[in-house]
Amino acid sequence: MYDTAIIGSGPAGLSAALNLKLHNKDVIWFGSGELSSKVEKSEKIANYPGPGMIAGTELNRCFKEQMEAMEIQPTDKMVTTVMAGASGYQLLAGNDIYEARTLLLAIGSVSAKGFPGEERLLGRGVSYCATCDGFLYRGKTIAVYCEDRRFEHEVRYLAELAEKVYLSAPYADSGIGLSNVERLSKPIRQVAGEARVSVIVLADQTEINVDGLFCLRGAVAPAALLPDLAMDGAHIIVNRRMETNLPGCYAAGDCTGRPYQIAKAVGEGNVAVHSILEYLS
């Protein structure tokens, strides 16, 4: 069992991982090794103390160098389910289960509900994990929302199983050229069905019959990840110690609300670590 599980590799997650490493804690850290795409895409950052005016690509490079020096690296798996237990938390990532005494959510700004109908049909045709649930749709028709190119390997995996895949992606130039994958020209606006998913509705009101919908995003909405987590709209409610309403569970960064700034995220990650250390002791 780990001392702490961190979900998210933006500035808040990185800050927490570095500080927990300095305190010799056993940590499992989930996120992309490329760190924050939001930081990477920032043309100029002027309000982060120390480096002065700096491009996001350069700041991310500095972050990565510090990670290498500290010998820490996130595990590039998406956590799709978190379960609270008597001694801590169990996290499902892909087909693997991890256990930790404490949990830090540093998942960035994530949509509170996703598509209309998504939360209601989660586990009844809506899935966040291709490798977990893909086999259930062998020979069937599915829709896939792929938020980022780095998840396209999961789309290819699903295409090997399903007869037909309708792909919706918010970026251009998809690298998937499979005969059974059709790129949708209009974005998905709703997923519907009674007992299970039966249809997706596009922006132009076109309805497409499907057996399931896979939502491949960088993070799962907090309310879907931990249903008992107290929320204020799309944001996780925390106190000044970064404690949530759940014992041993903390949150930091954009997921706790405005301002959405790197300095704020780094500071909250640090505060959360000190609260975690007290909890563990």
Side-chain angles (χ1 to χ4, degrees), residues 1-32 35-36 38-39 42 45-51 54 56 59-60 62-64 66-67 69-70 72-75 79 82 84 88-89 91 98 100-110 112 218-223 225-226 228-281:
M1 177 177 282
Y2 294 95
D3 291 316
T4 304
I6 302 170
I7 305 178
S9 57
L14 172 61
S15 173
L18 289 170
N19 280 282
L20 286 166
K21 171 77 172 183
L22 289 169
H23 285 88
N24 297 314
K25 296 303 178 184
D26 194 13
V27 177
I28 180 72
W29 180 24
F30 296 97
S32 169
L35 304 182
S36 169
K38 178 181 175 182
V39 173
S42 298
I45 298 166
N47 62 347
Y48 189 70
I54 188 171
L59 184 58
N60 251 356
C62 294
F63 287 162
K64 291 174 185 177
Q66 189 171 9
M67 284 166 48
M70 293 286 292
I72 59 172
Q73 183 70 24
T75 299
V79 177
V82 177
Y89 292 88
L91 299 88
Y98 301 83
R101 294 180 177 85
T102 58
L103 173 66
L104 173 60
L105 302 173
I107 56 179
S109 181
V110 181
V220 177
L225 199 64
L226 265 171
D228 293 332
L229 193 64
M231 302 289 297
D232 180 9
H235 300 131
I236 302 170
I237 297 174
V238 293
N239 59 20
R240 288 184 59 84
R241 292 170 49 82
M242 313 318 299
E243 296 169 321
T244 71
N245 63 307
L246 303 177
C249 179
Y250 305 81
D254 287 359
C255 62
T256 67
R258 296 179 182 277
Y260 301 141
Q261 295 184 355
I262 298 169
K264 178 253 195 189
V266 169
E268 288 190 347
N270 181 276
V271 172
V273 165
H274 286 277
S275 298
I276 288 169
L277 293 173
E278 289 183 26
Y279 184 91
L280 289 172
S281 65

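If you read the sequence from its start, that first residue is 1, and numbering goes on from there.
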Using side-chain heavy atoms (C-beta onward) and a distance below 4.5 Å, is [X] in contact with [Y]?
{"X": "Leu277", "Y": "Asn19", "value": "no"}
{"X": "Tyr250", "Y": "Tyr279", "value": "yes"}
{"X": "Ser36", "Y": "Pro11", "value": "yes"}
{"X": "Leu225", "Y": "Ile7", "value": "yes"}
{"X": "Ile237", "Y": "Thr244", "value": "no"}
{"X": "Leu103", "Y": "Leu91", "value": "yes"}
{"X": "Leu104", "Y": "Ile276", "value": "yes"}
{"X": "Leu246", "Y": "Tyr89", "value": "yes"}

Quick one: side chain to side chain contact (heavy atoms under 4.5 Å, CB included) partners of Thr75, sequence neighbours excluded? Ile28, Phe30, Lys77
Residues that Ala263 engages under side chain to side chain contact (heavy atoms under 4.5 Å, CB included), provided they are two or more places apart: Tyr48, Pro49
Is the backbone N or O of [Y] less than 3.5 Å from a side-chain atom of [X], with the two atoms forming a donor-acceptor pair by type?
{"X": "Trp29", "Y": "Gly8", "value": "yes"}
{"X": "His235", "Y": "Met231", "value": "no"}
{"X": "Asn245", "Y": "Asp228", "value": "yes"}

Contact list for residues 13-29, test salt bridge (Lys or Arg N to Asp or Glu O under 4.0 Å), sequence neighbours left out: none
Salt bridge (Lys or Arg N to Asp or Glu O under 4.0 Å): which pairs involve residues 238-254, sequence neighbours left out? Lys38-Asp254, Arg241-Glu243, Arg241-Glu278
What distance do [X] atom [atom1] and [Y] atom [atom2] have between them, rounded to the nearest 0.5 Å?
{"X": "Arg101", "Y": "Leu280", "atom1": "CZ", "atom2": "CG", "answer": "7.5 Å"}
{"X": "Met67", "Y": "Cys62", "atom1": "CE", "atom2": "SG", "answer": "13.0 Å"}
{"X": "Ile54", "Y": "Leu59", "atom1": "CD1", "atom2": "CG", "answer": "5.0 Å"}
{"X": "Leu14", "Y": "Leu35", "atom1": "CG", "atom2": "CG", "answer": "6.0 Å"}
{"X": "His23", "Y": "Leu18", "atom1": "NE2", "atom2": "CG", "answer": "12.5 Å"}
{"X": "Leu105", "Y": "Leu229", "atom1": "CG", "atom2": "CG", "answer": "6.5 Å"}

Identify the two heavy atoms, one from [X] and one from [Y], that lie closest to each other, and give their separation to 0.1 Å.
{"X": "Ala252", "Y": "Cys255", "answer": "O-SG, 3.4 Å"}
{"X": "Ile72", "Y": "Ala17", "answer": "CD1-CB, 4.0 Å"}
{"X": "Ala106", "Y": "Ala12", "answer": "CB-CB, 4.0 Å"}
{"X": "Leu226", "Y": "Cys249", "answer": "CD1-SG, 4.1 Å"}

Donor on one side chain, acceptor on other, Thr102 and Thr4, under 3.5 Å: yes
Could you walk me through whether Met70 and Leu22 satisfy the side-chain contact (heavy atoms from CB on, under 4.5 Å) test, starting with their C-alpha distance in whole Å, then the side-chain angles of each, then the deciding distance to 0.1 Å, before giving a yes or no? CA-CA 9 Å; Met70 293 286 292; Leu22 289 169; 3.5 Å; yes
Using the salt bridge (Lys or Arg N to Asp or Glu O under 4.0 Å) criterion, which residues pair with Lys264? Sequence neighbours excluded. Glu268
The criterion is side-chain hydrogen bond (donor to acceptor under 3.5 Å, both in side chains); which residues satisfy it with Ser15, sequence neighbours excluded? none
Going through the distances and angles, do Ile6 and Val27 end up as a side-chain contact (heavy atoms from CB on, under 4.5 Å)? CA-CA 7 Å; Ile6 302 170; Val27 177; 3.8 Å; yes
